[in-house]
There are 2 protein chains.
Amino acid sequence: MINSILHGDCFEVMKSLDEESVDLIYLDPPFFTEKTHTLKNRDGSKEFSFDDTWGDSANYARFLKDRIEIMHSLLKDTGSIFVHCDKSGEHIVRAVLDSVFGSNNFQSEIIWSYKRWSNAKKGLLPAHQNIYFYSKSKNFKFNRIFKAYSETTNVDQILQKRTRNEKNKTVYAKDSFGNIQYGEKKKGVPLSDVWEIPYLNPKAKERVGYPTQKPILLLEQIIELVTDAGDLVLDPFCGSGTTCVASKLTNRNYLGIDQSESAVELSRERLKKPIKTESNLLKKGRKSYLNVDSNALNLLQGVEFNPVQRNKGIDAILVEQFEGTPVLVRIQKPNEPLADAISLLKKAMETKGSKKSILIQTEKEGLGLGLIDSIDGIEIIETLSIQIDKKLTT
Amino acid sequence: MINSILHGDCFEVMKSLDEESVDLIYLDPPFFTEKTHTLKNRDGSKEFSFDDTWGDSANYARFLKDRIEIMHSLLKDTGSIFVHCDKSGEHIVRAVLDSVFGSNNFQSEIIWSYKRWSNAKKGLLPAHQNIYFYSKSKNFKFNRIFKAYSETTNVDQILQKRTRNEKNKTVYAKDSFGNIQYGEKKKGVPLSDVWEIPYLNPKAKERVGYPTQKPILLLEQIIELVTDAGDLVLDPFCGSGTTCVASKLTNRNYLGIDQSESAVELSRERLKKPIKTESNLLKKGRKSYLNVDSNALNLLQGVEFNPVQRNKGIDAILVEQFEGTPVLVRIQKPNEPLADAISLLKKAMETKGSKKSILIQTEKEGLGLGLIDSIDGIEIIETLSIQIDKKLTT
DNA sequence: CGTCTGCTTGAATCGCACC
DNA sequence: GGGTGCGATTCAAGCAGAC
C-alpha cells in the first residue's frame, strides 16, 4: 500500500491505515471560502473542481475535526502535522488543531512568503500563506536546518572566536601576539518560521495546471525538517501530488489520498517522471541580480524613480516621462571614464527609445574637454559633493 | 483632550470620547498568560462545537469584545483598526474582530517579519508577528504605498505597453511602424502584506525599556497607510507610547490610554522629545528605494561633514575648510523663502567667522531675481532633484 | 444584482542573439 | 562555441465592464 495514491474520502481511507505508522502528515484542506473552484489545466483539456462551499463554519469545523482526529491516531509519537491554511479559515483550523493536538504541541506558524503579480486592488497585496506546525508529542523528530547569515551580520561574529575578558565582557579572542583567533566553523542561522520561497512560476516546467499547486521546494523543506530517509509521509488531500513527488525526490515513502479521480490520475502520472524546477532565484540569491549599488541610488534622494537591476546601461528610470518616452538614469561608476558611461547610456537610449536621459557624474575629472553638460539628449549633472568641491577650490 | 495620554481602563475612558471621531485605532492588547495555562488542562473528551473556539478563554474573548465594540463605534466610517496579535491569541482575536467588524471588512493579515538572534530551542526560530487590519466599511481611507520592483523583473515590462495578439497571448504593443509603445507612468509595486522591518535593536536609542515596545517605523507605515496629516489616531493600550510618538512624527493627532500609571508617565516623557533610530538596514535595503526617509542631511551623501544640532542658522559644517575658516551648510527648509535662508546663514557666518558657506536649495522657486548662485560668500546649490526637474522642463 | 468575460499586471524562467 | 546579458513569454488575481 505504501508509495501509492489512493482514491476516496480520506475519512474512510485513513481508517484502513495502521495507527502510529506515519512520520509526517501534510495537508492543504479545502478552504472555507464559500466558493466552488474550477480550473482548467494548461491545454484546457481537463477540468478540476472542488467544492469549498460550507453552509456555515460549524460544518466546516466538524468536517475538519473528524479527519484530523484520525490523523492524530495515525501519527507516530515522534510525528508531526503541517496544515496549510487559507486566511479565510485560519482561526477555525487553529481551534481544531488546538483541541485535537493540544495547544502545548503547537510548534510554529510558518509564513510562506513570495512575490506575485499585482492588481488594482485597494488594500495590501496578499503575498503570504500560513502553515501550522503541530507535533504529536514533545518527543517529535526535528532536523535542524541552517541558512546563510543575514547580510547585515558582522563577519567577525561568524569567523572569530569569542571569549570573556577580566571584566567578564564578551570580546574577540586574540592570541598572545594579538592575532585574531578563528572559531569553529558555524553552520549559519537556524531556519526561521518565515520562508521566502518563490511562487510556482508561470514558466516553470514543474507546473501541471492544477489550481493551488505548491512548489516542490516548499514541501521538500517541510519533509527534510521533520523526517529522515525511509520515513512515511501522508497527504490526505494530495491534489496534484506535490507532497508525494517531494517525498519521492527526498527518498521518503509516501501515501496520497484524494477524492477526485482526475487528481489521483494526475498524481500517479506525475510520480512516474517527477519534474522539479530548480529556482534560479533561490540558487543564486537575490543579490546576484543586483547591478545597482544602493548607495549610489541614495544620490537620487527626492527624485521619484524606479531602480533597474538587470541592465548594464542604466540604473534607474524616472517616474516622470519626457515627451512620452522614458527618462533613463545612469550613475557613473567609481573609476569609470565619463566617456564610457556616456556610450553605455547612449546604447540603452536607443533600444529603449528614450529621448532624454540623465547621467550623474560622480568622479571629479570630466571629459577633459572643458564643460560639457549635454550630449545627444544626455544631460550630465554632477553630484552635490563635486559641485561643493568646485565652489571651494575656485 | 486631543494629543494627550489618558490614564485608566480604556473601557471606561473610551466611553467619554465622541462617536465616529477617530480615523485609526491601533492596539496591542494584553494577553492573559495565566488563562493560557488553564487552557492546557482540557481533557479532550468534550464534543467539539464552534463555541469551543473560545471555550476556556471565554473571559478573555469577553474582555476584548466589550472594548472592540466601543472602538468600532468611535471609528469614522472611513476609519480602520489594526490589531497586533500574540500567536497564542490569534484565533480569538480574529473571531472577535469578525463578529464586531464583519468578516467582509477584513482587509489583511499583515506579517511583520524580522531577523533575530538565534536561540538553541528545538524548532523553528520565531521571526514574525501578525497584525490584523479591518476597516469599518468598504469606504475606508487608503493611501497607496509603492515599493521597488523585484530584482528579477525586466525593464521592458515597466516601460512598454502590452496588448494581446490574435491568439490571446500577451505581447508588447507596437504602432503601425513597428515602434515601441510606452505605457503609463509606473510608481512601482503596491505594498504587500509582508513587512520586513528590523526588530528594535537592543542597543537602539529609541528603546525606553518597555517590554513589548514596537519599532516606530512599523507604526509610521500603518499610520501613513490609512490616515492623512491632521487625522486622529487612538491607541487604547498605549504602553510606552510608540503609536503616539509615531503619530506626532507624521503630523497626526493622537490619543493614548493606559492602565498603568508608570506607562502613562513614560509615554508623556517620550513625547516631549521623540527619538527615532533610522534603521540602517531599511535605509540601505532593497525596499527603501522608493520611500527613502526624508532626512535633510541625506542630501549631503558623499560629502564629509559634521552635523550641527540646535542651531537656527546651520545644519552642518564641512570637514574641509576654506582659507582656514569653517564652511557652513544650510539646507533650505520646506516652504522657507530662499531669502530667509540666506539671511539666517549670513548671520551664522558672521558669528562663526566663516568666509564661505553653502546653501542647498530644496525648493523650486528661486529668488525671483533670475539666476543667482553666489551672494556674499554664500554659494547656492540646487538639489539634484531640482536640477533634473529643470533639465526635463526646459 | 449575479454571472461572465476581458484586461492589466509583475515575477521569474526560457531562450535568443551577441560577443 | 560557450557564456551571458537581456528581451520575450507565461499565468492567475482581481477589478471593470458587459449583459
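So that the names make sense, note that chain A is the first sequence line, chain B the second, and so on, each numbered from 1. Predicted, not measured: the structure shown is a model, and the values here were computed from it.
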* Check: dG7(D) base within 3.5 Å donor-acceptor of R310(A) side chain ->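 Yes, the side chain and the base share a sub-3.5 Å donor-acceptor pair.
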[N] [atom2] sits how many Å from [X] [atom1], rounded?
X	N	atom1	atom2	value
Q129(A)	dA12(D)	CD	C1'	13 Å
N154(B)	dT10(D)	CG	C1'	13 Å
N201(A)	dA13(D)	CG	P	14 Å
W117(A)	dG14(D)	CH2	P	9 Å
R162(B)	dG7(D)	CZ	P	14 Å
N311(A)	dG7(D)	CG	C1'	10 Å
L125(A)	dA13(D)	CG	P	12 Å
Q157(B)	dG7(D)	CD	P	12 Å

* To do: Would you confirm whether S267(A), through its side chain, and G239(A), through its main-chain N or O, come within 3.5 Å as a donor-acceptor pair?
  => yes
* **F140(B) and F142(B) aromatic ring geometry - parallel, tilted or perpendicular at 30°/60° bounds** =>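 Correct class here is perpendicular.
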* Aromatic rings F133(B) and F82(B): how do their planes relate, parallel, tilted or perpendicular, breaks at 30° and 60°? -> parallel
* Structure fact -> Result for 5'-nearest mapping on DNA chain D, choosing between R164(B) and T152(B), is T152(B)
* **Flag for R116(A)-S192(B): side-chain donor and acceptor within less than 3.5 Å** =>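 No donor-acceptor contact under 3.5 Å links the two side chains.
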* **Between D193(A) and S108(A): side-chain donor-acceptor atoms closer than 3.5 Å** =>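 No, no side-chain donor-acceptor contact under 3.5 Å.
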Regarding [X], tell me which of base, sugar-phosphate or nothing describes its non-hydrogen contacts under 4.0 Å with the strands shown.
X	result
K352(A)	sugar-phosphate
Y114(A)	nothing
K122(A)	nothing

* Which nucleotide of DNA chain C is the first, and which the last, in the 5' to 3' direction, to come under 4.0 Å of a heavy atom belonging to chain B? ->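 So the outermost contacting nucleotides come out as dT8(C) to dA12(C).
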* To do: Could you work out which one of dC6(D), dT10(D), dA13(D) sits closest to the side chain of T170(B)?
  => dT10(D)
* Determine the sole option in R94(A), H84(A), E109(A) for which the side-chain hydrogen bond (donor to acceptor under 3.5 Å, both in side chains) test with N130(A) is passed. =>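 One option only clears the test, and that one is E109(A).
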* Asked: Does the pair F106(B) and L97(B) meet the rule for a side-chain contact (heavy atoms from CB on, under 4.5 Å), with working shown?
  -> CA-CA 8 Å; F106(B) 166 76; L97(B) 284 166; over 6 Å; no
* If you find the nucleotide of DNA chain C closest to K347(A) and the one closest to N119(A), which residue's nucleotide is nearer the 5' end? -> N119(A)
